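What you see is a predicted model, and the numbers here were worked out from it, not measured in a lab. In what follows, chains are A, B, ... by sequence order, proteins preceding strands, each numbered from 1. In what follows, every heavy atom counts, from backbone to side chain, and hydrogens, waters and symmetry copies are set aside.
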Amino acid sequence: MPELPEVETVVRTLAPRLEGRRIVEARFSSRFVTPGNRAALARRVRGRTVTRVYRRGKFIVCTLDQGELSVHLGMTGKLLFDAAPSPHTHAVFELDTGALLFDDPRQFGRIEWGAKRASRLGPEPLDVTLDDFLHRLALRKTRLKALLLNQTFLAGIGNIYADEILFAAGLYPRTIASRLRAARATRLYRAMREVLSRAIERRGSSISDYVDAEGRPGAFQLEHCVYGREGQPCVNCGSAIRKITISQRGTHYCPKCQRS
DNA sequence: TGGAATGTTCGGCT
DNA sequence: AAGCCGAACATTCC
């Protein structure tokens, strides 16, 4: 569910309703989502006012009048305003106006005090300069697919967008990064910016049940060229889209448009 | 029933 | 010593 475009969409729906609000009460009930002392976390959060909500990679960081709270949605996490609690509700923030719930069936999401993990990330894909991107790419001897997924290389790209970006750039996912010449590396940079920007415009991809903080799905899944399209015809050349495994992640590509 | 699913971390290895 | 790979985490859905 939540990669950079989805998290960006969540933050855009979250920020206007959360900034300036006071957290009257917080309750945490999962030892996975909130590892450590949950009562202590609730005490730290209680009574705080949210001053700013922003995205860093796939993290949602809430700056408070005292301290910071970071939320990672994992694979199936959702932040929802004024929703009915479910068996998968693991956190409740009661605000001075309404309530914000954190739901996560798989419990790969995390809610943590501070923004330590968000500070250890690579640059934002939409902020990094072409020069910086080319230099960093040339230093890596790993496969393009694995590199795009590496959050210390770039922050926010996940499995869907890695595949869509490599298709848009016409690059074979197993290509070794440092072996790309400048022209193709530049194509990768441009494809990355175009795919991510377009996906944000479409409010992200809803492939199973992703919704933003208002409960609305995205529409970029309708524009996926390779992800989830194994065996279907390539939108460019009609060849059957192939699915392989790289770094233990399903990887979709067109064997003709993305040659090794 | 086994396998895969939008993600991250950690141990082991080179 | 950096950096990669596979396993593990918990749950649902084919």
Side-chain angles (χ1 to χ4, degrees), chain A residues 1-11 28-36 55-60 70-79 86-91 102-112 115-122 125 136-167 173-178 195-196 199-200 202-212 217-231 243-252:
Chain A
M1 164 176 88
E3 304 180 29
L4 188 154
E6 291 76 35
V7 179
E8 179 64 26
T9 303
V10 169
V11 164
F28 305 109
S29 49
S30 165
R31 65 193 179 94
F32 300 103
V33 172
T34 41
R55 179 189 61 74
R56 177 73 177 96
K58 298 173 196 170
F59 287 86
I60 299 162
S70 50
V71 178
H72 194 295
L73 300 174
M75 295 269 246
T76 53
K78 285 191 274 290
L79 283 168
S86 78
H88 300 302
T89 300
H90 306 297
F102 179 81
D103 279 25
D104 187 1
R106 219 167 142 183
Q107 300 185 70
F108 279 11
R110 294 289 179 270
I111 301 175
E112 290 164 326
K116 205 166 190 178
R117 286 166 72 211
S119 69
R120 296 188 201 133
L121 300 170
R136 298 170 48 113
L137 198 70
L139 296 173
R140 300 302 198 108
K141 293 183 172 46
T142 191
R143 297 163 175 147
L144 289 178
K145 172 65 186 271
L147 190 57
L148 290 177
L149 292 177
N150 182 339
Q151 302 298 298
T152 63
F153 180 68
L154 288 172
I157 297 171
N159 210 33
I160 295 175
Y161 295 101
D163 285 2
E164 294 299 323
I165 288 165
L166 289 170
F167 174 81
R174 286 205 241 250
T175 306
I176 300 298
S178 60
V195 168
L196 294 176
I200 291 171
R202 307 307 299 149
R203 307 173 56 85
S205 304
S206 291
I207 63 161
S208 70
D209 64 349
Y210 158 75
V211 289
D212 65 24
F220 191 70
Q221 70 281 2
L222 302 173
E223 298 177 32
H224 287 177
C225 294
V226 286
Y227 185 85
R229 296 195 65 244
E230 183 186 11
K243 184 178 179 189
I244 58 176
T245 298
I246 301 177
S247 302
Q248 299 170 281
R249 308 302 301 275
T251 299
H252 314 72

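- In this structure a side-chain-to-backbone donor-acceptor pair under 3.5 Å is missing from A/Glu8 to A/Arg55.
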I'd like a table of atom pairs between the protein and nucleotides 11-14 of chain C - only N or O on both sides, under 3.5 Å - with the distance next to each one.
unit_1 : atom_1 : unit_2   : atom_2 : d
C/dT11 : OP1    : A/Gln107 : NE2    : 3.0
C/dT12 : OP1    : A/His88  : NE2    : 3.1

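- The ring pair (Phe, Tyr, Trp, His ring centres under 6.0 Å) check on A/Phe59 picks up A/His72, with sequence neighbours excluded.
- For A/Arg174, the side-chain hydrogen bond (donor to acceptor under 3.5 Å, both in side chains) partners two or more places apart in sequence, or in a different chain, are A/Tyr172.
- Between A/Ser205 and the options A/His224, A/Glu223, A/Gln221, a side chain to side chain donor-acceptor pair (under 3.5 Å) holds for only A/His224.
- For the pair A/Met75 CE and B/dT8 P, the interatomic distance rounds to 9 Å; values are reported in whole Å.
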So what's the dot-bracket for DNA chain C: Watson-Crick or G-U pairs under 3.5 Å, [ ] if a pair crosses, | if it pairs off-strand?
.||||||||.||||
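- Contact of the A/Tyr161 side chain with the A/Pro5 side chain is registered, since non-hydrogen atoms from C-beta on lie closer than 4.5 Å.
- Rounding to whole angstrom units, CZ of residue A/Arg249 and P of B/dG3 are separated by 18 Å.
- The distance from atom CZ of A/Arg110 to atom P of C/dA8 is 17 Å, rounded to the nearest whole Å.
- Residue A/Lys58 places its side chain closer to B/dT8 than to any other of C/dC5, C/dG6, B/dT8.
- Partners of A/Phe108 by side-chain contact (heavy atoms from CB on, under 4.5 Å), not counting sequence neighbours, listed by chain and number: A/Met75, A/Arg106.
- Atom pair A/Ile246:CD1 and B/dG7:P shows a separation of 15 Å (rounding to whole Å applied).
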Identify each atom pair where a protein N or O and an N or O of nucleotides 12-14 of chain B are less than 3.5 Å apart, giving names and distance.
none

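- Listed by chain and residue number, nothing satisfies the ring pair (Phe, Tyr, Trp, His ring centres under 6.0 Å) test with A/His88 (two or more places apart in sequence, or in another chain).
- Listed pair A/His72 / B/dG7 fails the phosphate criterion, with no side-chain N or O lying under 4.0 Å from OP1 or OP2.
- Using a 4.0 Å heavy-atom distance criterion, A/Arg117 is classed as a sugar-phosphate-only contact.
- Applying the side-chain contact (heavy atoms from CB on, under 4.5 Å) rule to A/Gln107 yields the partners A/Ser30, A/Phe32, A/Val33, A/His90; only residues at least two apart in sequence or on another chain are considered.
- Checked by atom type and distance alone, the side chain of A/Glu3 pairs as donor or acceptor with a backbone atom of A/Ile160 at under 3.5 Å.
- Residues forming a side-chain hydrogen bond (donor to acceptor under 3.5 Å, both in side chains) with A/Glu112 (at least two apart in sequence, or on another chain): A/Arg117.
- Not counting sequence neighbours, A/Lys58 has no partner by the side-chain hydrogen bond (donor to acceptor under 3.5 Å, both in side chains) test.
- A gap of 22 Å separates the P atoms of C/dA1 and B/dT9, to the nearest Å.
- To the nearest angstrom, P of B/dA4 lies 15 Å from CZ of A/Phe108.
- The side chain of A/Lys243 contributes no N or O atom lying less than 4.0 Å from OP1 or OP2 of B/dG3.
- The side-chain hydrogen bond (donor to acceptor under 3.5 Å, both in side chains) check on A/Thr251 picks up A/Lys145, with sequence neighbours excluded.
- Contacts between residues 141-150 of chain A and DNA chain C, counted as heavy-atom distances below 4.0 Å, involve A/Thr142, A/Arg143.
- Checking side-chain atoms of A/Glu230 against main-chain N and O of A/Gly228 turns up no donor-acceptor pair under 3.5 Å.
- Spacing between atom CZ of A/Arg120 and atom C1' of B/dG7 amounts to 16 Å, rounded to whole angstrom units.
- Of all nucleotides listed (B/dG7, C/dG6, C/dC4), C/dC4 comes nearest to the side chain of A/Arg140.
- At whole-Å resolution of the value, CG in A/Leu139 and P in C/dG3 are 9 Å apart.
- Nucleotide B/dT9 holds its P atom 15 Å from the CD atom of A/Gln248, rounded to whole Å.
- The two residues A/Arg140 and A/Arg136 make their nearest non-hydrogen contact at CG-O, 3.5 Å.
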